[in-house]
2 protein chains.
Amino acid sequence: MSTIAVDLHITDAEWEVMRVVWANTQVTSKEVISTLEGKMDWKQATTKTLLGRLVEKGALNTEQEGRKYIYSANIEEKEAVRSFSNDIFDRICRKNVGNVIESIIKDHTLSFDDIQRLEEILEMKKAFAVEEVDCQCAEGQCDCHLHHHGE
Amino acid sequence: MSTIAVDLHITDAEWEVMRVVWANTQVTSKEVISTLEGKMDWKQATTKTLLGRLVEKGALNTEQEGRKYIYSANIEEKEAVRSFSNDIFDRICRKNVGNVIESIIKDHTLSFDDIQRLEEILEMKKAFAVEEVDCQCAEGQCDCHLHHHGE
DNA sequence: AAATAGAGTTTACATTAGTAAACGATTATT
DNA sequence: AATAATCGTTTACTAATGTAAACTCTATTT
């Protein structure tokens with residue numbers, strides 16, 4: 001199963017480039033450059049550097065097309081987003097995952113479809129829900145260890 | 001309302017320190033050092049540097065207690081988590097927020113209470129749900145612009 | 001064929017982050 | 001009082017990031 005470079009770290013600047021590639025499937029550096037020129041106010045050289053670094057770290061593939069390259073993503077956006085979003089959960093106590101999701105939901109606009117879909121997922125999650133999520137934090141990094149229930 | 005330094009960037013290493021402070025409300029550097037010693041395998045100096053940087057960037061308060069300092073958080077964990085988690089959503093198309101939440105839910109263990117609470121939130125969200133979330137992406141960074149509905 | 005433009009590669013340079021030793025001022029020990 | 005242990009501050013040094021100029025081919029235009 002492709003876990004190809006899921007753990008590679010894509011920086012903010014690089015992510016801008018990745019988005020262009022993901023949105024277009026196949027792109028030339030020229031296209032990436034012009035797409036980002038407006039938004040990022042970068043010089044061409046900056047985009048070139050980023051493309052180079054992304055190829056280097058395996059996030060992008062290149063295919064020689066005549067004298068130039070055609071860039072394509074080597075990792076799926078979904079996977080990259082997932083890996084990135086999991087970083088949050090490494091920063092908090094497992095017990096708070098629910099609260100964070102709650103706060104995320106509150107902070108964003110959702111469509112009726114989104115809501116329905118999420119409701120379905122939650123329904124399914126019930127089959128695997130636990131009475132209490134257990135804290136995986138190191139001692140001293142969260143206070144779960146303090147309040148043992150029914151004590 | 002306190003938006004005190006909500007946008008300050010707390011790095012991974014610094015976050016480890018923040019967690020200790022958040023979990024203990026009031027701590028001395030010594031406590032932070034010993035708490036992190038095991039988990040992080042840092043030298044004392046490393047923790048000291050981090051404490052210093054956090055004070056410097058306003059994430060921590062210090063209170064002189066005799067000759068030493070008592071550190072306390074100047075930003076709430078909830079706010080910090082929130083600000084950090086919003087970074088994900090700046091990397092994706094608004095239309096995909098629902099999918100990302102979906103994937104987060106799938107990836108984590110939730111308690112029955114969490115699920116119920118989330119269901120309630122979703123129920124409430126229905127009042128503000130939209131038919132279709134609109135894409136805020138820059139042209140060329142997502143393909144929403146391509147498939148206009150009913151066209 | 002010579003000159004020019006375009007594409008990728010190298011080099012560059014400042015800032016942030018990770019990690020830590022050295023230093024200076026105090027306080028606690030002997 | 002002299003010495004050792006502390007605690008915070010300064011300094012240090014490497015790697016990662018952001019940003020970009022310079023350079024080298026190669027292809028296109030004149």
Side-chain angles (χ1 to χ4, degrees), chain A residues 5 7-21 24 26-72 74 80 83-84 87 90-91, chain B residues 5 7-21 26-72 80 83-84 87 90-91:
Chain A
D7 49 328
L8 53 70
H9 186 60
I10 296 175
T11 71
D12 287 332
E14 287 166 356
W15 195 276
E16 295 291 339
V17 173
M18 288 305 292
R19 290 188 72 179
V20 179
V21 182
N24 298 278
Q26 303 261 102
V27 274
T28 59
S29 65
K30 190 201 200 97
E31 296 174 277
V32 179
I33 289 171
S34 67
T35 299
L36 292 175
E37 228 154 36
K39 183 182 185 190
M40 294 289 107
D41 144 66
W42 283 341
K43 298 293 158 53
Q44 302 195 164
T46 302
T47 303
K48 285 183 186 179
T49 300
L50 265 6
L51 279 168
R53 288 184 186 166
L54 286 165
V55 168
E56 187 177 55
K57 63 172 68 169
L60 292 181
N61 288 313
T62 53
E63 195 185 321
Q64 194 102 30
E65 166 77 48
R67 65 248 131 228
K68 53 192 71 166
Y69 287 156
I70 300 294
Y71 296 89
S72 57
N74 192 38
S83 140
F84 186 75
D87 290 352
D90 289 336
R91 289 190 171 206
Chain B
D7 48 329
L8 51 71
H9 185 59
I10 296 176
T11 72
D12 286 332
E14 288 166 354
W15 195 276
E16 294 291 340
V17 173
M18 289 304 293
R19 291 188 72 177
V20 179
V21 183
Q26 304 263 99
V27 274
T28 59
S29 65
K30 189 200 199 100
E31 295 175 278
V32 178
I33 290 172
S34 66
T35 299
L36 292 174
E37 227 154 37
K39 184 183 185 192
M40 294 289 106
D41 148 64
W42 284 341
K43 297 295 159 51
Q44 302 194 166
T46 302
T47 303
K48 287 182 185 178
T49 300
L50 265 6
L51 279 168
R53 289 186 185 165
L54 286 166
V55 169
E56 187 178 58
K57 63 172 69 168
L60 292 180
N61 287 313
T62 52
E63 193 186 322
Q64 193 105 26
E65 166 78 47
R67 62 244 134 232
K68 54 193 70 164
Y69 286 157
I70 300 293
Y71 296 89
S72 59
S83 141
F84 186 75
D87 289 352
D90 290 336
R91 289 189 172 209

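Keep in mind that this is a model prediction, so the values were computed, not measured.
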Please enumerate all residues that pass side-chain contact (heavy atoms from CB on, under 4.5 Å) together with Thr49(A), with sequence neighbours excluded.
Arg53(A)
What pairs of donor and acceptor atoms, side-chain ones from residues 35-48 of chain A against any protein atom, are under 3.5 angstrom apart with sequence neighbours left out?
unit_1: Thr35(A); atom_1: OG1; unit_2: Glu31(A); atom_2: O; d: 2.7
unit_1: Lys39(A); atom_1: NZ; unit_2: Glu16(A); atom_2: OE1; d: 2.9
unit_1: Lys39(A); atom_1: NZ; unit_2: Gln141(B); atom_2: OE1; d: 2.7

Sequence-distant partners of Tyr69(B), ring pair (Phe, Tyr, Trp, His ring centres under 6.0 Å), two or more places apart
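Scan of Tyr69(B) (ring pair (Phe, Tyr, Trp, His ring centres under 6.0 Å), adjacent residues dropped) gives none.
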Name the residue from Asn74(A), Leu60(A), Asn61(A) that meets the side chain to side chain contact (heavy atoms under 4.5 Å, CB included) definition with Leu54(A).
Leu60(A)
To the nearest 10 degrees, what angle separates the axes at the start and end of the helix from dA1(C)-dT30(D) to dT30(C)-dA1(D), five pairs each?
20°
Heavy atoms from other residues, nucleotides or ligands near CD of Glu65(B) exceed 12 (cutoff 6.0 Å)
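Not more than 12 within 6.0 Å, no.
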Step by step, would you call Val55(A) with Tyr71(A) a side-chain contact (heavy atoms from CB on, under 4.5 Å)?
CA-CA 9 Å; Val55(A) 168; Tyr71(A) 296 89; 3.7 Å; yes
Restricting to non-hydrogen atoms, name the atom on Met18(A) and the atom on Ala59(A) that form the minimum distance, rounded to 0.1 Å.
CE-O, 3.6 Å
Heavy-atom closest pair (Leu51(A) atom, Ser29(A) atom, distance to 0.1 Å) is CD1-CB, 3.5 Å
DNA chain C: 5'-most and 3'-most nucleotides touching chain A, 4.0 angstrom heavy-atom criterion:
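That gives a stretch of dA7(C) to dA12(C).
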Which residues within residues 26-37 of chain A lie with some heavy atom under 4.0 Å of an atom in DNA chain D?
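Hits under 4.0 Å, by residue number: none.
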Do His9(A) and Thr11(A) come close enough that some side-chain heavy atom pair is under 4.5 Å?
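SC-SC contact between His9(A) and Thr11(A) confirmed.
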Taking side chain as C-beta onward, heavy atoms only, is Lys57(B) less than 4.5 Å from Glu14(B)?
yes
Are there any protein N/O atoms within less than 3.5 Å of an N/O atom in nucleotides 26-29 of chain D, and if so, which ones and at what distance?
none

Partners passing side-chain hydrogen bond (donor to acceptor under 3.5 Å, both in side chains) against Asp12(A) (at least two apart in sequence or in another chain):
Arg91(B)
Encode nucleotides 10-22 of chain D as B, S and - characters from 5' to 3', where the letter depends on protein heavy atoms closer than 4.0 Å: B to the base, S only to sugar-phosphate, - to neither.
--B----SBBBB-
